[in-house]
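Single-structure report; data block below.
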Amino acid sequence: MLFIKWLLIIIFVMAVIMVAAGQLGLFKGNPPDDLGIRDGRLKPPAPTPNSVSSQTALYPKHPQKDYATIAPIEIDRSGEVTLAKIKTIIATTSGAQIVESTPDYLYAQFTTPILKFVDDVEFWLDPGMNVIHVRSASRLGKSDLGVNRRRIETIRSALQPLSENSID
């Protein structure tokens, strides 16, 4: 019984230390310096299962090809309008901050509430393919537990009612 009590105390103390470290910003990582569009491409997905990209097929030998592949976002009438809708969705999302926004590119950071992990998310309006390519990646850790994929799919789902109800 004493062992269990000490084990619970140790677990509690470790949890408090983790939350304190997160609140101090020790888990935010550094923003990548190679984000953006380079030769018609977003940055490749990470070699570990903590990111998704609609351009994974451009890297056929990528070690996480199956995990990282996600569909681009379909454009509803106008790519600029669709990208503006994505910006609106992100702007109203808790923990999200828009870092860069141009008519064909959007970069946002998403911060988790307790441990303050930061994910970098990019959207690029590809004029050649007439889609919006996406990349969402965790800065730290080897696994994202599916968070980046869920984030993109949530944004994709939020676009549906906006597309159906828009009057242009």
Side-chain angles (χ1 to χ4, degrees), residues 18 21-22 25-76 78-160 162-163:
M18 292 289 290
L26 298 180
F27 299 137
K28 71 179 183 175
N30 295 317
D33 57 4
D34 56 350
L35 295 179
I37 309 306
R38 304 232 187 332
D39 300 320
R41 296 178 178 199
L42 295 169
K43 180 179 177 168
T48 57
N50 69 350
S51 65
V52 295
S53 172
S54 61
Q55 293 187 319
T56 305
L58 298 174
Y59 308 95
K61 295 184 187 232
H62 192 278
Q64 294 298 324
K65 185 176 179 184
D66 292 337
Y67 183 85
T69 300
I70 193 166
I73 294 175
E74 298 295 325
I75 292 173
D76 178 40
S78 162
E80 290 84 5
V81 170
T82 304
L83 198 58
K85 290 176 183 177
I86 293 170
K87 183 176 178 180
T88 299
I89 292 165
I90 291 171
T92 59
T93 302
S94 177
Q97 174 187 4
I98 295 170
V99 177
E100 183 179 343
S101 177
T102 67
D104 69 342
Y105 177 78
L106 181 63
Y107 166 44
Q109 296 173 351
F110 288 76
T111 304
T112 62
I114 297 173
L115 295 180
K116 305 295 184 191
F117 287 108
V118 178
D119 295 343
D120 298 290
V121 184
E122 299 178 279
F123 300 87
W124 173 53
L125 172 57
D126 182 345
M129 294 189 68
N130 204 31
V131 296
I132 296 176
H133 283 293
V134 299
R135 179 182 181 277
S136 184
S138 301
R139 289 183 185 171
L140 301 176
K142 294 190 187 232
S143 173
D144 67 353
L145 305 174
V147 169
N148 287 293
R149 180 174 306 281
R150 283 192 302 276
R151 174 181 300 116
I152 297 302
E153 294 305 338
T154 298
I155 291 169
R156 187 188 319 271
S157 294
L159 281 170
Q160 298 309 314
L162 293 175
S163 298

Q) Mind checking whether I73 and V131 have side chains closer than 4.5 Å, heavy atoms only? A) no

Q) Does some side-chain heavy atom of L159 sit less than 4.5 Å from a side-chain heavy atom of I89? A) yes

Q.
Taking the side chain as everything from C-beta on, heavy atoms only, tell me whether Q97 gets closer than 4.5 Å to T111.
A. no

(Q) Can you confirm whether more than 12 heavy atoms, excluding those of D34, are under 6.0 Å from its CG atom? (A) yes

Q. If every non-hydrogen atom of P60 is compared with every non-hydrogen atom of K65, which pair is closest and at what distance?
A. O-CD, 3.9 Å

Q | With R151, the side-chain contact (heavy atoms from CB on, under 4.5 Å) member among V121, T93, V134, V52 | A | V121

**Q.** Distance-only donor-acceptor check, side chains T56 and H62, under 3.5 Å
**A.** no

Q) For the residue pair A137 and N148, what are the closest heavy atoms and their distance? A) N-OD1, 3.4 Å

Q) Looking only at side chains, do S138 and N50 share a donor and an acceptor under 3.5 Å apart? A) no

Q: Please round to the nearest 0.5 Å and tell me the distance separating atom OG of S78 and atom CG of L125.
A: 8.0 Å

Q. Of all heavy-atom pairs between Y107 and P31, which one has the smallest distance, and what is that distance?
A. OH-CB, 4.2 Å

Q: Apply side chain to side chain contact (heavy atoms under 4.5 Å, CB included) to Q55 and R135, showing your working.
A: CA-CA 8 Å; Q55 293 187 319; R135 179 182 181 277; over 6 Å; no

Q. If we only count heavy atoms from C-beta on, is the K87 to I98 side-chain gap below 4.5 Å?
A. yes

Q.
Any non-hydrogen side-chain atom of I132 less than 4.5 Å from a side-chain atom of D126?
A. no

Q. Is there side-chain contact between I86 and I155, with at least one heavy-atom pair below 4.5 Å?
A. yes

Q) Out of curiosity, S136 OG to I70 CD1, how far, rounded to the nearest 0.5 Å? A) 8.0 Å

Q | cation_pi(R41, Y59) dist<6.0 Å, angle<=45 | A | yes

(Q) I'd like to know if the side chain of R149 reaches the main chain of D144, judged simply by a donor and an acceptor atom lying under 3.5 Å from each other, with no hydrogens or angles considered. (A) no

Q. For the atom pair OG (S53) and CG (L58), what is the distance rounded to the nearest 0.5 Å?
A. 7.5 Å

Q: Just jot down the side chain to side chain contact (heavy atoms under 4.5 Å, CB included) partners of R150, sequence neighbours excluded, or say none.
A: V147

(Q) Is it the case that the side chain of E122 and the backbone of G36 share a donor-acceptor pair, with hydrogens and angles ignored and the cut-off at 3.5 Å? (A) yes

Q: Kindly write out the residues that satisfy ring-ring contact (aromatic ring centres under 6.0 Å, His included) with F110, not counting sequence neighbours, or none if the list is empty.
A: none

Q: List the steps, then state whether salt bridge (Lys or Arg N to Asp or Glu O under 4.0 Å) holds for R139 with D120.
A: CA-CA 7 Å; R139 289 183 185 171; D120 298 290; 2.8 Å; yes

Q.
Using only atom types and a distance under 3.5 Å, with no angle test, would you say the side chain of R156 pairs donor to acceptor with the backbone of E74?
A. no

Q) Is there a side-chain contact between I75 and L83, using heavy atoms and a 4.5 Å cut-off? A) no

Q: For the pair W124 and T102, evaluate side chain to side chain contact (heavy atoms under 4.5 Å, CB included) and give the outcome as yes or no after the intermediate values.
A: CA-CA 10 Å; W124 173 53; T102 67; over 6 Å; no

Q: Would you tell me whether E100 and Y105 have side-chain atoms, one donor and one acceptor, within less than 3.5 Å of each other?
A: no

Q) Does the side chain of P47 reach to within under 4.5 Å of the side chain of Q64, using non-hydrogen atoms? A) no

Q: Could you point out which residue of P45, S51, P49 forms a side-chain contact (heavy atoms from CB on, under 4.5 Å) with Y67?
A: P49

